[in-house]
Amino acid sequence: MGKGRTMNWAIIEFPGSNCGPDCVYVVEKVLKHKATLLWHTEKKIPSVDAIILPGGFSYGDYLRSGAIASLSNIMGAVKEAASIGVPIVGICNGFQILCESKLLPGALITNRCLRFICSPVYLRVETNESIFTSLFYSGEVIQIPIAHGQGCFYADPQTLQKMESEGQILLRYCDAKGNISHQSNPNGSLRNIAGIRNLKGNILGLMPHPERASENELGSVDGKKIFESVCRYIEVKEKNYCLVD
């Protein structure tokens with residue numbers, strides 16, 4: 001994609017976050033944009049184009065993963081940003097925090113195998129009609145690594161049905177050919193769910209780590225396309241605004 005203006009990404013860290021520096025690296029060195037690190041005690045988020053909640057073990061994953069972080073001062077500001085349409089990406093622990101904050105439906109519980117899993121996995125892009133997947137094609141099989149002990153997505157049947165009907169499921173665990181099966185599901189997530197969006201469409205939560213698949217040296221650049229999809233959304237939105245204005 002072409003190089004547009006330099007965008008400003010806020011990356012929010014909590015005690016126990018450990019993937020913030022990786023996200024800063026991708027934003028600044030790979031995407032060539034600006035990254036602003038914000039600590040969880042902040043009550044306001046400056047004007048930014050997008051927000052990332054990185055992975056890690058916020059507050060040691062005590063209680064449920066992400067439960068304590070969801071009560072941090074900055075989550076009020078994150079909810080305010082979400083309400084005005086700012087794109088938000090929650091990665092792994094960030095996904096757990098978004099669910100605990102009720103910004104996304106469902107919950108992430110302990111892997112069915114009861115083990116921490118760190119491995120590259122295949123994902124099927126369910127739709128490219130979203131802020132976060134527009135640069136893929138629907139049904140495309142991509143590869144991004146996971147690293148978690150509590151990544152099993154759970155929701156009640158009614159919520160799952162609504163998510164399916166509203167197109168909120170963006171990524172599912174699959175095999176190399178895109179088949180969805182029990183064998184291709186690393187953590188036991190219901191319906192092989194790996195990544196979802198909110199009803200409004202501006203919040204993505206996913207257990208795989210796109211920041212670890214953003215350079216050829218890492219074996220995959222599929223994760224980079226998630227961030228680039230966000231950039232394209234912002235560019236198109238601003239272009240359309242200028243045309244109307």
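None of the values given here were measured: they were computed from a predicted structure.
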Next item on the list: Check the side chains of N187 and Y173 for a donor-acceptor pair under 3.5 angstrom, ignoring hydrogens and angles.
Entry: yes
Please table the atom pairs, donor to acceptor, closer than 3.5 Å between any side-chain atom in residues 36-47 and protein atoms at least two apart or in another chain.
from	atom 1	to	atom 2	distance (Å)
T36	OG1	N8	OD1	3.2
H40	ND1	Y59	OH	3.0

Checklist line | Nearest-0.5 Å distance that lies between atom NZ in K102 and atom OG in S70 | finding: 8.5 Å
Next item on the list: Flag the pair I226 / I144 as yes when at least one side-chain heavy-atom distance between them is below 4.5 Å, and no otherwise.
Entry: yes
Check: Do L160 and I193 come close enough that some side-chain heavy atom pair is under 4.5 Å?
Finding: yes
Check: Are L218 and L206 co-members of a hydrophobic cluster defined by side-chain heavy atoms under 4.5 Å apart?
Finding: no
Item checked: Within 6.0 angstrom of E164 CD, more than 12 heavy atoms from elsewhere -> yes
Margin query: Do F153 and M163 make a side-chain contact, defined as non-hydrogen atoms from C-beta onward lying under 4.5 Å apart?
Written below: yes
Next item on the list: Looking only at non-hydrogen atoms, find the nearest pair between G56 and N18 and report the distance.
Entry: CA-OD1, 3.2 Å
Item checked: Audit row: K237, I131, side chain to side chain contact (heavy atoms under 4.5 Å, CB included) steps and yes/no -> CA-CA 11 Å; K237 182 180 178 183; I131 291 173; over 6 Å; no
Next item on the list: Search all heavy atoms of S229 against all heavy atoms of S134 and return the closest pair with its distance.
Entry: OG-N, 3.5 Å
Check: Going by side-chain heavy atoms closer than 4.5 Å, which hydrophobic residues are tied to V141, directly or by a chain of links?
Finding: Y122
Check: From E238 CD over to Y233 OH, what is the distance, rounded to the nearest 0.5 angstrom?
Finding: 10.0 Å
Note to self: So which atom in V48 and which in A10 form the shortest heavy-atom distance, rounded to 0.1 Å?
What the structure shows: CG1-CB, 3.9 Å
Next item on the list: Could you tell me whether the side chain of S17 and the main chain of S58 form a donor-acceptor pair under 3.5 Å?
Entry: no
Next item on the list: In plain terms, say whether E215 and K29 are close enough for a salt bridge, that is, a side-chain N and a carboxylate O under 4.0 Å apart.
Entry: no
Item checked: pair I74-F14: side-chain heavy atoms closer than 4.5 Å -> yes
Note to self: Treating R124 as the side-chain partner and G178 as the backbone partner, does any N or O pair qualify as donor plus acceptor under 3.5 Å?
What the structure shows: yes
Check: Rounded to the nearest 0.5 Å, how far apart are CZ of F57 and CD of Q96?
Finding: 9.0 Å
Item checked: Cluster overlap I84 with L98, hydrophobic side-chain contacts below 4.5 Å -> yes
Notebook entry, point to check: With the 4.5 Å side-chain cut-off for hydrophobic clustering, are Y154 and M207 part of the same group?
Noted result: yes
Next item on the list: Measure the spacing between CD of E126 and SG of C174 and express it to the nearest 0.5 Å.
Entry: 8.5 Å
Item checked: Joint hydrophobic cluster, I234 plus W9, side-chain heavy atoms closer than 4.5 Å -> yes
Item checked: Reported CG-to-CD distance for the pair N192 and Q183, which is rounded to 0.5 angstrom -> 10.0 Å
Next item on the list: Answer yes when K225 and E140 have at least one side-chain N-carboxylate O distance shorter than 4.0 Å, and no when they do not.
Entry: yes
Notebook entry, point to check: Considering residues, nucleotides and ligands other than F116, do more than 12 of their heavy atoms fall under 6.0 Å from its CZ?
Noted result: yes
Check: Can any side-chain N or O of S101 pair as donor or acceptor with the backbone N or O of L103 at less than 3.5 Å?
Finding: no
Next item on the list: Mind checking the CZ-OG spacing from R172 to S181? Nearest 0.5 Å is all I need.
Entry: 12.5 Å
Check: Can you tell if the side chain of E13 reaches within under 4.5 Å of the side chain of P21, non-hydrogen atoms only?
Finding: yes
Notebook entry, point to check: Donor-acceptor pair, R64 side chain versus I109 backbone, under 3.5 Å?
Noted result: no
Note to self: I need the minimum non-hydrogen distance between N111 and H148, along with the two atoms involved.
What the structure shows: ND2-O, 2.9 Å
Notebook entry, point to check: Closest approach of K224 and L31, non-hydrogen atoms and distance?
Noted result: CG-CD2, 4.4 Å
Item checked: Hydrophobic cluster membership, I146 vs V221, 4.5 Å side-chain cutoff -> no
Next item on the list: Return yes if some donor-acceptor pair links the side-chain N/O of S72 with the main-chain N/O of M75 below 3.5 Å, else return no.
Entry: no
Next item on the list: Could you walk me through whether V230 and D49 pass the side chain to side chain contact (heavy atoms under 4.5 Å, CB included) test, one step at a time?
Entry: CA-CA 9 Å; V230 175; D49 297 294; over 6 Å; no
Note to self: Going by side-chain contact (heavy atoms from CB on, under 4.5 Å), I88 matches just one of L104, I12, I52, I51. Which one?
What the structure shows: I51
Next item on the list: Locate the shortest heavy-atom distance separating S130 from L170; write the atom from each residue and the value.
Entry: OG-CD1, 3.7 Å
Notebook entry, point to check: For the side chain of N93 and the backbone of I97, is there at least one donor-acceptor N/O pair under 3.5 Å apart?
Noted result: no
Margin query: Suppose we screen for side chain to side chain contact (heavy atoms under 4.5 Å, CB included). Which residues come up paired with D175, at least two apart in sequence or across chains?
Written below: K177, N179, S184
Checklist line | Validation row: L171, P208 side chains within 4.5 angstrom (heavy atoms) | finding: no
Checklist line | Minimum side-chain heavy-atom gap M7-F227 below 4.5 Å | finding: no
Check: Is there side-chain contact between I11 and P54, with at least one heavy-atom pair below 4.5 Å?
Finding: yes
